Amino acid sequence: IKYMYENGNTEYMDILLEAKSFSELLNRSEYISKILEYDKNMLNRYQETHAKIEKKKQAIEDTIVELTGLKEETNAEHQALRELTGNKKAELKKYNDSLEVSEEEKDKYEREAERQEAEIENLLLEKQRQIEAEEARRREQEKKNGESQPDDKYKGSSGLRWPLQVAGRISSTFGLRKSPTAGASSNHKGIDISVPAGTPIVASGSGTVVTASYSSSAGNYIMIYHGKSTSTVYMHCSGLAVSEGASVKKGQVIAYVGSTGISTGNHLHFGIMINGGYVNPLSYVSY
């Protein structure tokens, strides 16, 4: 450094040529060699440091790019989440509104089903009263005419039988229950016997078919009057094999199991009415 300070920016070749002796030439040559070595080392350190700085700079730039991408993705996700939240709120409101409407429709449907069920029950009771009145008039007339005969029209009907040729499975019992589907009665006036569709339904006793019709709640249904203020009811049939006014024998096929009307699956709703009120069928029949 002292040498360079004393000699300024003189070219190395000029410095060597200005030597006044061979020993001074050697000294100057050694100084120049040391300076060149020092410069070379400094250049190498500079290049290494520059390479490290460039590498770190590139890493930082890559990190910035990655962070920028992540920020954009995060912003996009936040925007999508805000949109999704808005959509879900709209869907939830729509669902709640629909649920309120559905509840209103369900209540209306259940009221209509109960009304139809009551109409069917009243119709069956009226049919039973008419038949009983006709029987009473017939007996009274025969008595007046001295023609009174033992009433054997419903002979063999006092003991009712199982309304199917197979046992089946009782899926719903008589009395209070949780409604199995919208519109279905919670006060079950019979038993539900689960069997495959098309299974033959037989008359539980001999008697007269007083009703063979269809309603939106009971589906295809039949009522048979057996005398002694006793009737049996068969609902949700897939098809009927007898018509109103027909006389049937105990065990005769009258219909086929189905799922018509308000029903959750193939089954027979079987009811027994005595003296104008429904009773538990399992107290009168068994398989």
Side-chain angles (χ1 to χ4, degrees), residues 113 116-118 120-125 127-128 154 156-177 179-181 183-242 244 246 248-287:
Q116 290 190 16
E117 200 170 90
I120 292 173
E121 185 174 347
N122 291 334
L123 175 63
L124 297 180
L125 286 172
K127 290 281 188 181
Q128 181 170 300
Y154 303 107
S157 66
S158 57
L160 299 176
R161 61 155 286 167
W162 191 249
L164 297 165
Q165 297 170 336
V166 295
R169 177 180 63 85
I170 297 176
S171 56
S172 186
T173 55
F174 179 84
L176 295 177
R177 66 173 180 175
S179 178
T181 187
S185 174
S186 57
N187 182 18
H188 203 213
K189 297 175 181 178
I191 59 172
D192 288 345
I193 309 170
S194 179
V195 287
T199 300
I201 301 169
V202 299
S204 186
S206 298
T208 301
V209 178
V210 295
T211 302
S213 187
Y214 175 87
S215 82
S216 58
S217 58
N220 294 314
Y221 70 99
I222 291 175
M223 179 184 184
I224 300 175
Y225 180 68
H226 305 284
K228 300 179 182 179
S229 299
T230 301
S231 300
T232 52
V233 181
Y234 315 77
M235 296 182 179
H236 307 300
C237 309
S238 61
L240 306 180
V242 294
E244 184 175 331
V248 296
K249 297 294 183 181
K250 183 177 180 179
Q252 177 181 336
V253 174
I254 57 172
Y256 302 92
V257 171
S259 186
T260 56
I262 298 174
S263 169
T264 57
N266 294 306
H267 73 283
L268 166 64
H269 170 92
F270 176 63
I272 299 177
M273 187 184 294
I274 297 178
N275 295 323
Y278 282 99
V279 295
N280 188 350
L282 294 180
S283 299
Y284 295 84
V285 299
S286 62
Y287 183 75

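Keep in mind the model is a prediction, meaning the values are calculated, not measured. Computed from heavy atoms alone, side chains included, the values below leave out hydrogens, waters and symmetry copies.
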Item to complete: Please round to the nearest 0.5 Å and tell me the distance separating atom CZ of R169 and atom OG of S194.
Response: 4.5 Å
Item to complete: State the CG-OG distance between N266 and S171, to the nearest 0.5 angstrom.
Response: 11.0 Å
Practice prompt. Run the numbers on S213 and Y221 for side chain to side chain contact (heavy atoms under 4.5 Å, CB included), then give the verdict.
Written response: CA-CA 6 Å; S213 187; Y221 70 99; 4.0 Å; yes
Worksheet item: Partners of T232 by side chain to side chain donor-acceptor pair (under 3.5 Å), sequence neighbours excluded?
Response: H226, Y234
Worksheet item: Which pair of heavy atoms, one from A203 and one from I224, lies closest together, and at what distance?
Response: CB-CD1, 3.9 Å
Fill in: Side-chain donor/acceptor of T230 to backbone N/O of K228, under 3.5 Å
yes
Worksheet entry | Gap separating the CG atom of N275 from the OG atom of S229, nearest 0.5 angstrom | 4.5 Å
Worksheet item: Going from OG on S206 to CG on L160, what distance comes out if it is rounded to the nearest 0.5 angstrom?
Response: 10.0 Å
Worksheet item: Would a distance-only check, ignoring hydrogens and angles, find a side-chain to backbone donor-acceptor pair under 3.5 Å from D192 to S172?
Response: no
Discussion item. I need the minimum non-hydrogen distance between Y278 and K189, along with the two atoms involved.
Written reply: CD2-O, 3.3 Å
Worksheet item: Between V253 and V242, what is the shortest heavy-atom contact and its length?
Response: O-CG1, 4.3 Å
Discussion item. Once you measure the plane-to-plane angle for H269 and H236, does it fall in the parallel (<30°), tilted (30-60°) or perpendicular (>60°) bin?
Written reply: perpendicular
Worksheet entry | Nearest non-hydrogen partners of M235 and V233, listed with the distance | CE-CG1, 3.6 Å
Discussion item. So which atom in I193 and which in G168 form the shortest heavy-atom distance, rounded to 0.1 Å?
Written reply: CG2-CA, 4.0 Å
Considering only distance and modelled atom types, tabulate donor-acceptor pairs under 3.5 Å from the side chains of residues 279-287, sequence neighbours left out.
unit_1, atom_1, unit_2, atom_2, d
N280, OD1, L282, N, 3.1
Y287, OH, Q165, O, 3.3

Item to complete: Determine the minimum heavy-atom distance between G198 and Y256, stating which atoms define it.
Response: O-CD2, 3.5 Å
Worksheet item: Between OG1 of T199 and CG of L164, what distance do you get to the nearest 0.5 Å?
Response: 7.0 Å
Item to complete: Say whether, by atom type as modelled, one donor and one acceptor occur between the side chain of T208 and the main chain of V210 under 3.5 angstrom.
Response: no
Worksheet item: Distance-only, no hydrogens or angles: does the S204 side chain make a donor-acceptor pair with backbone N or O of R161 under 3.5 Å?
Response: yes
Discussion item. Let me confirm one number: the CD1-CZ distance from I191 to F174, rounded to the nearest 0.5 Å.
Written reply: 10.5 Å
Worksheet entry | Worked check of side chain to side chain contact (heavy atoms under 4.5 Å, CB included) between V257 and I201 | CA-CA 7 Å; V257 171; I201 301 169; 3.7 Å; yes
